[in-house]
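Note sheet for the following structure.
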Amino acid sequence: MFLLLLLLCAGESQAQRISGRLVNASCVCPVNSSAWTFPTLRYEAVQQLAESCEGSVKNQWDQMKVASEHLPQMQALLQNLTARLEPYLYLRKRGVHTALWLRKLGQELEKLEGDIDRLHGQRGSSETQALSVEATKLQKDVEQMYYYDHLNMKGVKHKLRYLKNRAESCQSIPKDFRSTQPHCRKGLITNISSPVVTKISPFGKSYISGSWGRQAQQTSSRDSYWIQPLANGNAWGITLRLYPSYENFMASTNHEDITLASSYTDKHTIEGPSAVLFGDALYYHCYKSADICRFNLSSKAVARVTLPGDGVGINNKFPYCYYQCRDYSDVDLGADEMGLWVAYATLGSHGNLVVSRLEWDGEALNVTSTWETRVFKKAVSNAFLACGVLYATRYGDDGREEVFYAFDTSTSQDDYLLALPLEKVAKGVASLSYNPRDKQIYMYNDGYLLAYQAMFY
């Protein structure tokens, strides 16, 4: 008798042919049972592989979950960067931009590209790929704007501004101007004294904004001293106080108060610490406008002229800042040996200081010439003019300002290397003005009235 046994083992089929024999009326067959041994080692190997696979799948799932949580944030950041880049793309067409901001934007884009690359390596979806492509495109746009525009368009723009300023100088600055003013022939101011006048405003230290000085027209018979405090929110004023002499000013006696407008919201109200007394009129920035007002002290008549430029900065658009902004200091009047000046900024000048000459012809107030500088107005704390040169200051510390910049309207050249200290009593500077009669610089210093002697040699 033969038995045919089919044995299945570890996925393999084995057949054994066995001869049987009769023993005690029973058929006895010897069978090799080793073919039926359970494959324990192979089972354990497969089990370990399955567990490893399960752990890998779980890890991949966790990574996808984290990526899904961060993807909306990265999309929002990319959209934000795109929106922030749009103004630069507009400025690129105009040939203007700020290299510092472009560099900062480029650094942020580099970081974002790295984050997107890591996310794409983990998830590898079409969405992360699209993000990566868009971020790379933005980075190239910034690089092109920086290298191409910065090296070419910016240079062209500077050259164009220089030529325009030179044309204004040739048109309006007499060639023999400095020969008639010996101290002006010496060049820039070389030193500034310690305060020669220090006095608390007669209106009190609570009036932290305003302007003061000496009547500035050299040919005028008037030699009065004046104070113009800003009362309403330290931003607007309607009162001018006159003293007939220096002695009266120091003693705070024999003064005359003149009201320039009927209310703090009148169209002829003074806005900001902007005034200068020149001859028989006070010149100042008119209330909530781009106009300069001329108030005649005798007739009380007011004449106005609108400042030129594309988008003149008013209402705290371009105030003096540097360390801390001085409210409503957008427009600043001054006088020197050449006459009346006004300093301000415009959107067209991209916030850089603009200086214009003013002239009263007996009937109307006119703007005769305008120059654009290369210094950002909100990066200076104040400014004044002397001998046709615009000087800008910056905050040093609570007891010191520093004259650091000069722009010569006669040559259109500027100088960033000045370091002339101005001592002060209080922290904030509301106004600075130069007087050609005594060559002194007048400061309204948070309710303190200071004066300094300017030295040209």
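Index from 1, following the sequence.
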Selection [range] - residue pairs positive for salt bridge (Lys or Arg N to Asp or Glu O under 4.0 Å), sequence neighbours left out:
{"range": "residues 380-392", "answer": "none"}
{"range": "residues 187-204", "answer": "none"}
{"range": "residues 217-231", "answer": "Arg214-Asp223, Asp223-Arg437"}
{"range": "residues 268-287", "answer": "Asp280-Arg294"}

Rounded to the nearest 0.5 Å, what separation is found between the [atom1] atom of [X] and the [atom2] atom of [Y]?
{"X": "Asn316", "Y": "Cys321", "atom1": "CG", "atom2": "SG", "answer": "8.0 Å"}
{"X": "Glu423", "Y": "Ser194", "atom1": "CD", "atom2": "OG", "answer": "3.5 Å"}
{"X": "Ser209", "Y": "Tyr444", "atom1": "OG", "atom2": "OH", "answer": "7.5 Å"}
{"X": "Leu450", "Y": "Leu432", "atom1": "CG", "atom2": "CG", "answer": "9.5 Å"}
{"X": "Ile292", "Y": "Asn366", "atom1": "CD1", "atom2": "CG", "answer": "13.0 Å"}
{"X": "Asp327", "Y": "Leu230", "atom1": "CG", "atom2": "CG", "answer": "10.5 Å"}

Could you tell me whether the side chain of [X] and the main chain of [Y] form a donor-acceptor pair under 3.5 Å?
{"X": "Thr306", "Y": "Asp291", "answer": "no"}
{"X": "Asn445", "Y": "Ala426", "answer": "yes"}
{"X": "Lys439", "Y": "Pro436", "answer": "yes"}
{"X": "Thr393", "Y": "Asn382", "answer": "yes"}
{"X": "Asn435", "Y": "Gln440", "answer": "no"}
{"X": "Gln215", "Y": "Gly279", "answer": "yes"}
{"X": "Ser431", "Y": "Gly210", "answer": "yes"}
{"X": "Asp330", "Y": "Lys317", "answer": "yes"}
{"X": "Ser193", "Y": "Gln453", "answer": "yes"}
{"X": "Thr190", "Y": "Met455", "answer": "yes"}

Minimum heavy-atom separation for [X] and [Y], please, with both atom names.
{"X": "Pro308", "Y": "Thr346", "result": "O-CG2, 4.2 Å"}
{"X": "Val331", "Y": "Gly313", "result": "CG2-O, 4.2 Å"}
{"X": "Ile270", "Y": "Tyr284", "result": "CG1-CD1, 3.4 Å"}
{"X": "Tyr452", "Y": "Ile192", "result": "CB-CG2, 3.6 Å"}
{"X": "Leu282", "Y": "Ala275", "result": "CD1-CB, 3.9 Å"}
{"X": "Val276", "Y": "Gly334", "result": "CG1-N, 4.2 Å"}

message: Taking the ring centre of each residue, are Trp236 and Tyr328 less than 6.0 Å apart?
response: yes
So [Y] and [X], do their side chains get closer than 4.5 Å, heavy atoms only?
{"X": "Val375", "Y": "Val380", "result": "yes"}
{"X": "Leu240", "Y": "Thr259", "result": "no"}
{"X": "Cys387", "Y": "Met338", "result": "no"}
{"X": "Trp226", "Y": "Ser211", "result": "yes"}
{"X": "Val342", "Y": "Asp332", "result": "no"}
{"X": "Leu277", "Y": "Ser224", "result": "yes"}
{"X": "His268", "Y": "Phe295", "result": "no"}
{"X": "Asp257", "Y": "His255", "result": "yes"}

task: Considering only NZ, NE, NH1 and NH2 on the basic side and carboxylate oxygens on the acidic side, decide whether Arg357 and Asp336 come within less than 4.0 Å.
output: no
query: Between Trp371, Tyr283, Tyr434, which is the residue that forms a ring pair (Phe, Tyr, Trp, His ring centres under 6.0 Å) with Trp341?
result: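 Passing option: Trp371.
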Sort and list the pairs that fulfil disulfide bond (SG atoms under 2.5 Å apart) and have at least one residue in [range], not counting sequence neighbours.
{"range": "residues 424-457", "value": "none"}
{"range": "residues 252-301", "value": "Cys286-Cys293"}
{"range": "residues 399-457", "value": "none"}

For Tyr344, the option from Leu353, Val354, Ile314 that meets side-chain contact (heavy atoms from CB on, under 4.5 Å):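 Of all the options given, the one that passes is Val354.
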Pairing residues for Ala379 by the side chain to side chain contact (heavy atoms under 4.5 Å, CB included) criterion, not counting sequence neighbours: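 Side chain to side chain contact (heavy atoms under 4.5 Å, CB included) check on Ala379 returns Phe376.
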Donor-acceptor contacts under 3.5 Å from residues 396-405 side chains, at least two apart:
from, atom 1, to, atom 2, distance (Å)
Asp397, OD1, Gly399, N, 2.8
Asp397, OD1, Arg400, N, 3.0
Asp398, OD1, Tyr395, OH, 2.4
Glu401, OE1, Ser381, OG, 2.6
Glu401, OE2, Lys424, NZ, 2.4
Glu402, OE1, Arg394, NE, 2.9
Glu402, OE1, Arg394, NH2, 2.9
Tyr405, OH, Asp414, OD2, 3.4

- request: Check step by step if side chain to side chain contact (heavy atoms under 4.5 Å, CB included) holds for Leu188 and Tyr391.
  value: CA-CA 9 Å; Leu188 299 177; Tyr391 294 89; 3.6 Å; yes
task: List in chain and number order the residues that pass ring-ring contact (aromatic ring centres under 6.0 Å, His included) with Phe249, two or more places apart in sequence or in another chain; answer none if no residue qualifies.
output: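 With sequence neighbours excluded, Phe249 shows a ring-ring contact (aromatic ring centres under 6.0 Å, His included) to Trp212, Tyr225, Tyr243, given in chain and number order.
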- prompt: Around atom NZ of Lys205, are there more than 12 heavy atoms of other residues, nucleotides or ligands at under 6.0 Å?
  reply: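 Atom NZ in Lys205 is not crowded, with 12 or fewer foreign heavy atoms closer than 6.0 Å.
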query: Would you say Lys267 has more than 12 foreign heavy atoms packed within less than 6.0 Å of its NZ?
result: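 Atom NZ in Lys267 is not packed in, count stays at 12 or less.
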- prompt: What's the verdict on side chain to side chain donor-acceptor pair (under 3.5 Å) for Ser245 and Asn248, showing C-alpha distance, side-chain angles and the deciding distance?
  reply: CA-CA 5 Å; Ser245 68; Asn248 289 132; 2.8 Å; yes
field: Residue pair Thr368 / Glu359, side-chain donor-acceptor N/O under 3.5 Å
entry: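 Side-chain D/A pair, Thr368 to Glu359: absent.
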message: My understanding is that only residues two or more places apart in sequence, or in another chain, count here; which of them pass salt bridge (charged side-chain N to carboxylate O under 4.0 Å, His left out) with Asp361?
response: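 For Asp361, no residue satisfies salt bridge (charged side-chain N to carboxylate O under 4.0 Å, His left out) once neighbours in sequence are set aside.
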task: Under the side-chain hydrogen bond (donor to acceptor under 3.5 Å, both in side chains) rule, collect the residues that match up with Thr239, sequence neighbours excluded.
output: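 Thr239 satisfies side-chain hydrogen bond (donor to acceptor under 3.5 Å, both in side chains) with no residue once adjacent residues are dropped.
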